[in-house]
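Worth knowing before you read on, the calculation uses all heavy atoms, side chains too, and leaves out hydrogens, waters and symmetry mates.
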Amino acid sequence: MSPSTEPSLEVRLGSLVFRNPVMVASGTFGYGPEYAELVDLSALGAIVVKGICREPTRGNPPPRTVETPSGLINAIGLPGPGVAGFIRDYLPFLRRVPTPVIVNVWGRTVEEYGEVVESLDREEGVHGYEINVSCPNIKEGSRAFGVHLDMFRRVVERVRAATRRPVIPKLAPNVSDIAAFARAAEECGADAISLINSIPAMAVDIETRRPILGNVTGGLTGPAIHPIAVKLVWEAARAVRIPTIAMGGIRDAADAIEFMIVGATAVAVGTANFVEPRTAVRVVEGIRDYLVRHGMTSVADLTGSLRLEGLPCGG
Amino acid sequence: MSPSTEPSLEVRLGSLVFRNPVMVASGTFGYGPEYAELVDLSALGAIVVKGICREPTRGNPPPRTVETPSGLINAIGLPGPGVAGFIRDYLPFLRRVPTPVIVNVWGRTVEEYGEVVESLDREEGVHGYEINVSCPNIKEGSRAFGVHLDMFRRVVERVRAATRRPVIPKLAPNVSDIAAFARAAEECGADAISLINSIPAMAVDIETRRPILGNVTGGLTGPAIHPIAVKLVWEAARAVRIPTIAMGGIRDAADAIEFMIVGATAVAVGTANFVEPRTAVRVVEGIRDYLVRHGMTSVADLTGSLRLEGLPCGG
Amino acid sequence: MTLEEAIVVEHLPDAGGYWRIELRAPAIAPRVRPGQFVHVRLTAPADAILRRPFSVFRTEDDRLELLYKPVGRGTRAMTELRPGAVISLLGPLGRGFPTPAPDRFPVLVAGGYGMAALYLLGRESGRAGIVFVGGASAVDVLCVPEFEALGWEVRVATEDGSRGLRGQVTDAFDAWAASELSDRTPELFACGPNGMLRAVGERAIARGWTAWLSMDRAMGCGVGACLTCVQKVRDPSHPDGWTWARVCREGPVFECREIVWEDDV
Amino acid sequence: MTLEEAIVVEHLPDAGGYWRIELRAPAIAPRVRPGQFVHVRLTAPADAILRRPFSVFRTEDDRLELLYKPVGRGTRAMTELRPGAVISLLGPLGRGFPTPAPDRFPVLVAGGYGMAALYLLGRESGRAGIVFVGGASAVDVLCVPEFEALGWEVRVATEDGSRGLRGQVTDAFDAWAASELSDRTPELFACGPNGMLRAVGERAIARGWTAWLSMDRAMGCGVGACLTCVQKVRDPSHPDGWTWARVCREGPVFECREIVWEDDV
Ligand SMILES: Cc1cc2nc3c(=O)[nH]c(=O)nc-3n(C[C@H](O)[C@H](O)[C@H](O)COP(=O)(O)OP(=O)(O)OC[C@H]3O[C@@H](n4cnc5c(N)ncnc54)[C@H](O)[C@@H]3O)c2cc1C
Ligand SMILES: Cc1cc2nc3c(=O)[nH]c(=O)nc-3n(C[C@H](O)[C@H](O)[C@H](O)COP(=O)(O)OP(=O)(O)OC[C@H]3O[C@@H](n4cnc5c(N)ncnc54)[C@H](O)[C@@H]3O)c2cc1C
Ligand SMILES: Cc1cc2nc3c(=O)[nH]c(=O)nc-3n(C[C@H](O)[C@H](O)[C@H](O)COP(=O)(O)O)c2cc1C
Ligand SMILES: Cc1cc2nc3c(=O)[nH]c(=O)nc-3n(C[C@H](O)[C@H](O)[C@H](O)COP(=O)(O)O)c2cc1C
Ligand code: FES
Ligand code: FES
């Protein structure tokens with residue numbers, strides 16, 4: 001096959017090499033085994049597992065999700081087996097999958113973030129850490145890590161000190177200056193950034209006048225938020241030299257390519273997994289087709305290829 | 001008719017009385033005459049006209065809008081006749097409509113906001129001012145009025161000093177602490193707050209790799225953003241005692257009632273006007289039906305009637 | 001668990017506002033066990049983006065049949081499907097009913113779409129028992145001929161008394177248990193509204209019987225990944241004595257002693 | 001301008017990938033002037049929430065007909081409409097074509113759906129003139145019998161030469177203007193792709209003729225409120241000499257001297 005018909009899909013993120021730029025987003029793919037019967041896990045760029053913290057957690061009372069126009073609000077609330085449970089119950093399976101595993105990590109304190117990463121860092125089969133500072137339900141005192149620059153820095157610094165594996169802070173979308181958080185991540189030694197997490201949202205049953213979600217509020221994901229995510233990824237990716245992993249409402253290859261054009265090095269498929277479990281695999285195929293059709297030899301050529309000639313610089 | 005079958009829809013906002021709580025949102029209903037053949041303007045709670053600034057402005061190059069999943073991104077860019085043109089071309093028409101007129105005001109500097117309000121304040125037929133600090137394209141220096149508390153205060157204070165008519169700052173949605181802006185508005189003497197304005201967003205044509213909008217970025221509106229708006233309205237309304245006017249993705253009475261349950265005193269219909277010009281009138285009817293069905297005598301009983309018993313306070 | 005593009009073979013309204021849809025799904029149909037479900041992707045309006053779960057009513061070679069009631073956005077859109085249409089199915093999913101114990105007398109209790117969830121069990125149980133079915137009115141009572149054709153005895157209860165006993169399905173069961181059960185030990189299998197499931201479970205616990213309940217929870221992924229569909233279940237290993245189970249994965253069928261009903265925690 | 005629930009009377013594919021849809025719209029149909037359009041609400045997928053504008057091709061008593069090509073999300077969904085379906089129309093909208101001047105020879109120039117936009121003008125112009133119509137191939141040439149039935153002469157140009165002259169529609173016009181116009185002064189009315197409209201306008205300006213161009217812009221509200229559909233037009237009162245006009249309100253028809261083409265500002 002000539003190089004023009006088989007473009008390179010490989011992307012690099014710090015020391016890590018992914019066979020393609022399409023991952024599955026944390027919390028939307030379980031810990032791996034859940035979709036193993038349906039999806040060829042070795043066809044994914046990486047698996048990002050559901051958020052892990054120090055102790056086992058239960059998460060929020062149901063209802064935990066509600067559908068909205070082209071979107072889904074979730075208030076799952078980060079239930080999980082805790083770091084020891086993850087290592088015991090899921091890591092053995094994941095070690096057998098020939099795909100990099102990124103563990104999404106969260107904590108209730110800066111120290112907890114560090115401890116979780118330290119525990120995981122002793123294990124084979126964990127290839128990187130996505131640092132979830134942007135879950136609406138986690139804060140230290142009243143200061144949420146994801147929306148206060150000083151707290152954000154402290155978390156990233158603590159995690160950076162705990163590992164030499166790639167560290168990927170996941171930025172909160174509900175800030176007015178996402179570039180500042182992107183730069184802070186870079187300054188604190190992050191290897192990449194990822195965005196966006198779900199956007200704070202809420203729904204009410206007007207007959208009972210009660211919130212629909214057991215947790216009152218939740219986070220909006222799915223196609224509805226995609227145009228917001230594209231804007232934030234554009235702003236964040238321009239602000240830094242480290243790679244950006246983009247997510248938010250990807251349904252098909254076009255949505256993923258859009259993210260890469262505005263600056264993403266890789267992407268992650270989230271809510272769409274629930275609807276079409278093979279979305280990520282199809283996105284890989286669609287990106288390959290696009291590259292061939294546009295005569296591009298490497299997916300890296302897509303990243304940041306936005307053409308702005310003759311346009312106001314926007315923003 | 002017994003009071004239980006004809007509930008009161010009247011709402012008050014400072015010194016102003018609206019026959020019902022359903023307005024049309026700025027920029028989605030022109031200056032009034034555009035929809036006059038289709039919509040009974042006297043059935044609306046209020047008309048909020050398109051943003052007005054000191055001089056005539058042209059706005060952005062086309063394409064100015066693009067559809068997204070359950071949403072619309074616009075980058076109209078605040079074209080308008082300027083304050084003198086508005087007074088000359090539209091106010092005579094609006095004075096004949098038996099419905100309060102709220103003028104949406106914007107400026108490039110704090111001083112400009114004040115001057116526009118002063119000019120309008122000399123005119124009969126203007127009943128209040130919605131202060132648009134949240135348009136992504138207006139900023140003083142690099143500091144956008146809507147996302148910096150100090151700038152926001154200065155604008156509200158300047159406008160407050162210019163008029164005794166109701167002043168309604170319109171909050172930007174892309175902040176991490178909307179309550180702080182709501183409180184600042186109240187402290188600076190605002191009579192009400194309104195939210196949400198469109199959410200910064202972007203779309204790219206993947207074939208040309210160019211932004212679809214002539215202005216590169218724009219603001220997302222429509223049903224897609226409704227759950228985000230509900231959350232922000234809930235947070236903002238709880239933080240203040242002045243009334244809240246809620247908007248964002250209202251399609252029907254249920255969406256409007258949801259806003260009122262979480263704390264809004266009034267609502268505004270935006271993007272839906274383009275799809276169904278009579279949405280606002282239908283929302284009024286739907287609210288009336290709901291009140292009758294629930295045995296409520298006044299629409300005021302809806303405001304803030306969210307029931308949280310047994311639930312975490314969320315947030 | 002397979003993802004399959006199924007083809008609509010037949011689609012007709014049934015009694016009580018229910019519809020029957022027959023689908024050709026050669027990869028999924030032969031593998032469905034009683035009480036399992038399929039997760040269906042509908043071309044629904046914009047505000048219903050997820051799949052919808054349905055128990056498999058019947059299977060026959062490469063076909064499977066669902067029995068459903070249009071109650072909301074997704075199921076109303078579903079009624080528009082015409083023969084020949086293609087829809088994506090994910091299945092078979094969940095842990096269904098166990099094989100009825102040979103030393104027990106099988107008793108099925110159904111409300112709403114419960115008859116759909118129980119039919120395969122009735123067919124594959126090896127021997128016939130008795131089915132109790134409830135509904136608001138005579139038209140809401142589904143599948144009686146199907147169960148009779150399998151040789152099961154069917155007892156009906158309707159709230160308005162238009163068919164069978166007037167009352168709840170559990171009233172019909174109680175009457176039977178009091179006078180006709182004699183020295184047999186029943187094994188209960190139930191699907192229907194929460195209140196009914198709980199009532200069935202209470203009887204089983206009080207009398208020391210086993211009762212298998214098929215729980216209904218709104219679902220996201222259907223495969224255990226999203227953690228939407230959780231149900232409180234007893235967990236002695238946990239300090240508080242309970243944990244969340246995923247109805248799509250650990251369920252939908254639970255033995256009644258596993259369930260922690262929401263307002264008794 | 002009225003909002004009306006119209007009923008689909010007939011809906012059939014036409015040549016060249018176009019479809020014809022006939023709607024019963026008693027409030028709107030009788031009031032449509034040549035060159036005006038209706039704004040149609042489609043039950044489109046979630047990512048096409050706005051109405052779509054279409055020129056009114058024909059009216060007859062309480063009915064109106066549209067001629068459209070499925071090109072995207074909204075128009076593809078439109079092809080699914082069956083007779084009896086109800087769709088919401090907003091119309092008639094826009095400033096259509098003026099009545100042809102009595103002392104000029106009417107010349108219509110059409111590409112794409114242009115024939116649809118021009119037919120009413122042909123019918124109501126009072127007297128017949130000549131129509132130039134272009135397309136990629138013979139199948140893309142629509143409505144020729146309709147214009148001939150009105151007594152208009154029709155000249156066809158196709159890019160592949162499969163019907164009429166090989167070339168652009170303006171080539172056919174040029175040939176005619178050079179040899180057959182003689183001392184008549186034409187008044188031009190055009191609807192079609194931008195390039196064609198611009199070419200028609202340039203000829204008119206060079207020769208001192210009047211040319212009315214129907215512009216196509218993606219629309220939001222259709223009534224002048226949203227300011228989506230803007231087109232640069234000359235405005236001597238403005239220091240820069242131009243302003244934005246709303247195609248839905250000040251247009252869709254503009255005299256060619258009003259238009260400022262995008263790359264010559
Ligand atoms: C394991 C399982 C098996 C099922 N089998 C069947 C079956 O065989 N036949 C059948 O008709 N239905 C069955 N259901 C229920 C079916 O999934 C729901 O009726 C369907 O999801 C509703 O979708 P909708 O879009 O029409 O309703 P929505 O628009 O989502 O909701 C409409 C109304 O129905 C309520 N609702 C939504 N989902 C559920 C639910 N899961 N249970 C109860 N109320 C709900 C909502 O609260 C709302 O009031 C089953 C559910 C589960 C979990
Ligand atoms: C005044 C007016 C009259 C019109 N009359 C007719 C008519 O009689 N018959 C007819 O077939 N069409 C007509 N059109 C064009 C028609 O409105 C578009 O084809 C339609 O809106 C496309 O909608 P869609 O959802 O299918 O396409 P989309 O999914 O919105 O877009 C699909 C593709 O078409 C392009 N597109 C979208 N809108 C337009 C547009 N307005 N013009 C050109 N390309 C567009 C997009 O850029 C995209 O590439 C008219 C347009 C205007 C403004
Ligand atoms: C049900 C659900 C659970 C999620 N759990 C997590 C999580 O544990 N940690 C995290 O960082 N993000 C979590 N997310 C956010 C996703 O990883 C992703 O950022 C978001 O869904 C946006 O992508 P999407 O629109 O494609 O879904 C979750 C999202 C959903 C829908
Ligand atoms: C085309 C368009 C133009 C708008 N112009 C203005 C404006 O001039 N001033 C302003 O404050 N808001 C403007 N808005 C925002 C709306 O007033 C409203 O806040 C927003 O659309 C959210 O409501 P919706 O989702 O119902 O449309 C505009 C919105 C749209 C869609
Ligand atoms: S539906 Fe996703 S875990 Fe059960
Ligand atoms: S389409 Fe809204 S102004 Fe023309």
Side-chain angles (χ1 to χ4, degrees), chain A residues 24-39 47 49-51 55-81 203 212-214 218 221-224 249 251 270-279 281-282, chain C residues 1-5 27-28 31 39-53 72-74 87-93 215-233 235 237-240 242-250 260 262-263 265:
Chain A
V24 285
S26 176
T28 68
F29 209 75
Y31 304 97
E34 293 84 351
Y35 278 110
E37 280 180 64
L38 294 169
V39 181
I47 297 171
V49 301
K50 173 82 186 154
E55 312 294 341
T57 45
R58 270 173 174 162
N60 293 325
R64 285 178 166 187
T65 56
V66 54
E67 291 165 283
T68 66
S70 298
L72 178 72
I73 317 181
N74 89 76
I76 306 294
L78 296 169
I212 294 180
L213 294 169
T221 64
R251 291 170 299 181
T271 305
N273 292 316
F274 304 153
V275 187
E276 284 300 339
R278 290 186 193 137
T279 302
V281 178
R282 285 196 198 150
Chain C
M1 192 194 304
T2 314
L3 196 53
E4 181 165 40
E5 301 284 281
I28 294 175
R31 297 162 56 200
H39 215 28
V40 182
R41 178 157 190 201
L42 300 168
T43 46
D47 47 0
I49 63 170
L50 297 173
R51 288 171 181 259
R52 295 291 188 264
R73 301 159 294 183
I87 60 173
S88 168
L89 294 189
L90 185 55
L93 298 174
M215 306 296 292
D216 179 342
R217 281 270 176 196
M219 288 185 180
C221 65
V223 302
C226 74
L227 310 179
T228 287
C229 62
V230 293
Q231 164 68 47
K232 261 186 197 168
V233 295
D235 178 2
S237 79
H238 197 284
D240 296 344
W242 66 268
T243 190
W244 297 115
R246 297 166 299 181
V247 169
C248 70
R249 198 93 187 192
E250 282 83 52
V260 179
E262 288 299 344
D263 50 19
V265 171

Results of salt bridge (charged side-chain N to carboxylate O under 4.0 Å, His left out) for A:Arg251 - residues two or more places apart only: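 Result, salt bridge (charged side-chain N to carboxylate O under 4.0 Å, His left out) vs A:Arg251: A:Asp255, D:Asp47.
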So, taking the atom named CG in A:Leu72 and the one named OG1 in A:Thr221, what distance separates them when rounded to the nearest 0.5 Å?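 It is 4.5 Å, given to the nearest 0.5 Å.
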Could you check which of [options] has the highest count of heavy-atom pairs closer than 4.5 Å to chain C?
options                              : value
A:Glu37, A:Lys50, A:Glu67            : A:Glu67
A:Glu34, A:Arg58, A:Arg278           : A:Arg58
A:Pro223, A:Pro56, A:Pro277, A:Ser70 : A:Ser70
A:Pro63, A:Gly30, A:Gly27            : A:Gly30

A:Tyr35 versus chain C, the contacting section by heavy-atom distance below 4.5 Å: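 The answer is the side chain of A:Tyr35.
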Can you tell me which portion of A:Thr68 sits under 4.5 Å from chain C's heavy atoms? Options are side chain, backbone, both or neither.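 Backbone only.
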Heavy-atom check, side chain of C:Gln231 versus side chain of C:Glu250, under 4.5 Å: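 C:Gln231 vs C:Glu250: side chains apart.
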Result block: side-chain N/O donor-acceptor pairs under 3.5 angstrom for residues 219-228 of chain C, not counting sequence neighbours:
unit_1	atom_1	unit_2	atom_2	d
C:Thr228	OG1	A:Thr65	OG1	3.3

Minimum-distance pair of heavy atoms, taken over all atoms of A:Leu213 and A:Ala75: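 In this case the closest contact between A:Leu213 and A:Ala75 is CD1-CB, 4.0 Å.
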If the threshold is 4.0 Å, N to carboxylate O, is there a salt bridge linking C:Glu262 and C:Arg217?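 Result for this pair is yes, salt bridge flagged.
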Under a 4.5 Å heavy-atom cut-off, does chain A meet the side chain of C:Ala48, its backbone, both or neither?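 Both backbone and side chain.
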